[in-house]
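Encoded as C-alpha cells, the structure appears first; notes follow it.
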Amino acid sequence: MNRPPLPDPSTITWTTSSHSGGGGNCVQAAAHPNGNGYILLADSKSPGRPALTVRSTSWNAFLEATAGWHPTVS
C-alpha cells in the first residue's frame, strides 16, 4: 500500500476529540492534505511525534465499532 508522504506539521489543522475533557489525553484527527482517502491521527500529549496515516474507511469502521458513531470523515 502506497501511503502519501507525511505533510509538514505546520500545514495540519487538527480536530481534537470532544470526549477528551481537556485533560490532555486527546486523540487528534485531520484530513491528510497530500492524500485523498487518508487521515492523520496524533496524540496531543506528544506534538513532536509523527502522526499515523490511516485510510479514512478504516478509521470510520473503528469509530462505528467502538462508539456506534456514524462518521463523515473522508
Problem - Partners passing side chain to side chain contact (heavy atoms under 4.5 Å, CB included) against Ser46 (at least two apart in sequence or in another chain) - result: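 Per chain and number, Ser46 pairs via side chain to side chain contact (heavy atoms under 4.5 Å, CB included) with Asp43, Arg49.
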Exercise for the section: With sequence neighbours left out, write down each residue that passes side chain to side chain contact (heavy atoms under 4.5 Å, CB included) with Leu52, or none if nothing qualifies. Expected result: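 Leu52 satisfies side chain to side chain contact (heavy atoms under 4.5 Å, CB included) with Leu41 only.
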Handout entry: Closest contact, heavy atoms only, Trp14 versus Leu40
Key =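 The answer is CZ3-O, 3.6 Å.
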Exercise for the section: Working to the nearest 0.5 Å, report the span between NE2 of His32 and CZ of Arg55. Expected result: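 Output value for this atom pair is 12.0 Å.
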